[in-house]
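Below, chains carry the letters A, B, ... as their sequence lines are ordered, and counting in each starts from 1. Values reported hereafter were calculated over all heavy atoms of this structure, with side chains retained and with hydrogens, waters and symmetry mates removed. These figures come from a predicted structure and were not determined experimentally.
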Amino acid sequence: MGVTVLQTFPDAFRYGYKEVEKLHTRIAHLGAQPNGVFQVDCDTYYMNQQNSQFNDIPGSGSTVNKKLHILHNTETPASTYAIIESPGKQVTLCADLMFDLLLPRLSHMYTAKKNLKVETKGTRFTVSDFIVKIGSVSMSSGQYKGILVEVEYLACSVPALCWPILREFLQSFMGFCVSSQPPPYLQARFQQVQGPQDTMQQYLEKFNEFRESSAYPVTGSLSASQPGTTSTSTPS
Amino acid sequence: MSINLSVQSVLDSIESAQKNDIVPDQEFVLQGSVMDLSVSVLLSRLRGLCDNADSLPETFHDQEICFILKDFSNPGAVGPGTGGVMLRVRKALDHPELPWQLRYTGQPEVGNRPALLRNCLDVPVSSNICDFLHELGAKVDHEYVSKGYIMRKGRIKVTVFKIFKVGGKEVQEGVTKSHVVELSALTTRVDEAIATDLRIVADQLKPLVNLQNLDYRRL
């Protein structure tokens with residue numbers, strides 16, 4: 001397991017697949033070989049209303065609704081990641097896929113919000129020591145949200161030791177939308193060894209950003225093009 | 001603006017497994033107890049009955065912490081789900097490198113069967129499970145240490161173990177002067193044939209130990 005960085009690729013005009021194709025072309029110039037497909041999905045459960053008083057913040061009179069996020073990654077197909085999110089604290093549990101079957105038994109405490117399901121899927125590339133995954137993020141309703149690029153540098157597990165090479169690689173095909181500063185998540189763990197759960201926590205951060213972003217209109221759809229074929233979509 | 005890529009999602013695999021009834025989420029159990037003094041006799045009998053009779057029985061030394069997940073803010077509530085769900089966390093004290101296990105066991109199923117049938121789920125998890133369950137809203141109900149032997153006979157798991165109190169003392173204090181004997185087998189929703197096999201093994205252990213279909217709700 002190397003160091004993983006997630007980067008949102010700006011798509012202000014919501015070209016969708018056209019932008020993804022652009023990235024595919026650029027990365028092909030770096031010698032990238034397509035190597036299958038990937039998918040990361042995230043489902044969110046909320047603590048039931050009648051139980052939320054249990055989480056009263058002492059003295060504030062307000063209640064906190066805890067969120068339980070369930071994530072899956074095709075890179076680790078036998079695992080489920082459960083992230084419990086409460087103010088100021090996040091606990092990430094790495095569990096066997098059977099954890100999913102346990103969730104219906106917790107329905108007296110946590111209920112899924114189906115319309116909040118979000119996923120990213122796309123093509124996975126390998127470029128020497130890097131794995132690049134260019135994904136298109138969409139809600140369960142099919143609503144397109146943006147482009148998310150994951151880059152993993154396999155040769156190193158500590159961000160502090162490989163950020164410069166990661167930054168250079170990211171900028172080489174995404175340009176200057178990549179900040180020269182490491183993302184806050186990595187900055188907070190700059191000297192620590194990274195694991196698969198760090199990747200999932202970064203995905204959750206990005207998914208939350210995408211869910212909250214309502215700056216773009218929700219209309220528009222992209223024709224279903226397969227990788228390698230010419231996109232016929234038009235900007236929405 | 002979604003792209004149609006044929007990615008088999010991770011979720012699909014578990015859903016199809018459940019649909020095809022291949023998830024081992026049912027457990028048949030028979031339980032009994034034997035005085036500490038008679039354990040060696042029972043073990044000799046079991047070694048003769050179980051697989052790998054030529055090797056010594058495998059030992060285990062586990063700690064189990066039982067959590068209850070329910071709405072603690074409303075203790076007087078009645079209705080479905082208000083009793084909470086018991087989640088058991090188990091770690092191997094003798095093999096700290098192994099993943100921790102999270103176990104859910106449901107209520108015993110009603111019906112006249114040769115062995116007790118209950119819903120169960122075993123999920124290997126990372127070691128921060130206790131922290132996770134606390135955040136989820138669960139509270140510790142009780143904990144204990146179990147130490148004993150495990151053997152197999154085909155699909156049947158045979159355990160003989162003693163329950164100890166959890167504490168920092170050098171000499172562990174047993175809860176009783178006896179060992180628990182348990183026969184269990186994991187199965188799927190549709191396969192109930194194993195219950196009879198369980199009963200046959202139990203009958204072969206008589207009169208050393210009398211294994212019963214214990215309805216622990218009455219305890």
Side-chain angles (χ1 to χ4, degrees), chain A residues 14 16-17 20 37-39 41 43 47-48 50-51 53-56 66 68 72-74 76-80 82 84 86 89-102 105-110 119 121-123 136 138 142-145 197 220-222 224-227 233 236, chain B residues 1-15 17-18 23-25 67-75 77 79-87 89 99-107 119-139:
Chain A
R14 299 175 59 73
Y17 194 69
V20 172
V37 285
F38 80 98
Q39 180 176 2
D41 59 79
D43 229 335
M47 188 176 243
N48 296 344
Q50 68 265 29
N51 298 324
Q53 52 184 318
F54 165 55
N55 294 303
D56 281 356
K66 287 189 182 180
L68 172 65
H72 303 99
N73 188 348
T74 44
T76 51
S79 303
T80 292
I84 185 116
S86 51
K89 196 167 182 192
Q90 216 179 46
V91 184
T92 305
L93 182 78
C94 234
D96 186 85
L97 201 55
M98 292 279 273
F99 192 85
D100 285 61
L101 301 179
L102 194 65
R105 272 112 187 158
L106 309 183
S107 59
H108 64 295
M109 293 287 280
Y110 289 87
E119 62 178 23
K121 55 181 172 183
T123 314
S136 140
S138 58
Q143 183 196 345
Y144 168 77
K145 283 292 196 177
Q197 68 277 20
S221 65
L222 184 76
S225 315
Q226 290 299 318
S233 66
S236 53
Chain B
M1 283 201 184
S2 60
I3 300 165
N4 263 351
L5 282 174
S6 55
V7 189
Q8 210 222 348
S9 117
V10 173
L11 213 54
D12 291 345
S13 58
I14 197 90
E15 275 170 5
Q18 209 175 8
V23 180
D25 59 354
F67 286 86
I68 285 193
L69 179 65
K70 67 170 185 178
D71 181 8
F72 289 98
S73 63
N74 197 3
T82 48
V85 166
M86 187 170 274
L87 297 167
V89 175
W100 293 37
Q101 300 283 331
L102 176 67
R103 169 164 250 252
Y104 162 86
T105 44
Q107 293 296 329
N119 195 243
C120 85
L121 269 178
D122 284 298
V123 188
V125 289
S126 52
S127 58
N128 58 347
I129 178 70
C130 293
D131 203 11
F132 178 84
L133 288 175
H134 275 298
E135 277 302 308
L136 204 66
K139 287 188 179 172

Legend entry - B/Tyr104 side chain vs A/Leu101 backbone, donor-acceptor pair below 3.5 Å: no
Legend entry - Side chains of B/Asp12 and A/His72 in contact at under 4.5 Å (non-hydrogen atoms): no
Inset, instruction - Measure B/Ser127 against the heavy atoms of chain A and call it side chain, backbone, both or neither at under 4.5 Å. - result: neither
Legend entry - Heavy-atom side-chain proximity of A/Arg105 to B/Leu121 below 4.5 angstrom: yes
Legend entry - Close side-chain approach of A/Thr80 and B/Ile14, heavy atoms under 4.5 Å: no
Inset, instruction - Using non-hydrogen atoms and a 4.5 Å limit, figure out which bit of A/Ala78 sits close to chain B: side chain, backbone, both or neither. - result: neither
Inset, instruction - Examine whether an atom of B/Gln18 lies under 4.5 Å from a heavy atom of chain A, and if so say whether it belongs to the side chain, the backbone or both; otherwise answer neither. - result: side chain
Legend entry - Region of A/Leu68 in contact with chain B, defined by heavy-atom distances below 4.5 Å: side chain
Inset, instruction - Could you grab the distance from atom OH of A/Tyr110 to atom CG of B/Leu136, nearest 0.5 Å is fine? - result: 4.0 Å
Legend entry - Which portion of B/Asn119 sits near chain A, non-hydrogen atoms under 4.5 angstrom: side chain
Inset, instruction - Could you tell me which of A/Thr76, A/Asp41, A/Asp43, A/Thr92 has the largest number of non-hydrogen atom pairs under 4.5 Å with chain B? - result: A/Thr92
Legend entry - From B/Asp131 atom CG to A/Leu93 atom CG, the distance as rounded to the nearest 0.5 Å: 10.0 Å
Legend entry - B/Leu102 CG to A/Met98 CE distance, which is reported to the nearest 0.5 Å: 11.0 Å
Legend entry - Pairs touching residues 91-101 of chain A that satisfy salt bridge (Lys or Arg N to Asp or Glu O under 4.0 Å), sequence neighbours left out: none
Legend entry - Shortest non-hydrogen contact between A/His108 and B/Lys70, atoms and distance: NE2-CA, 4.2 Å
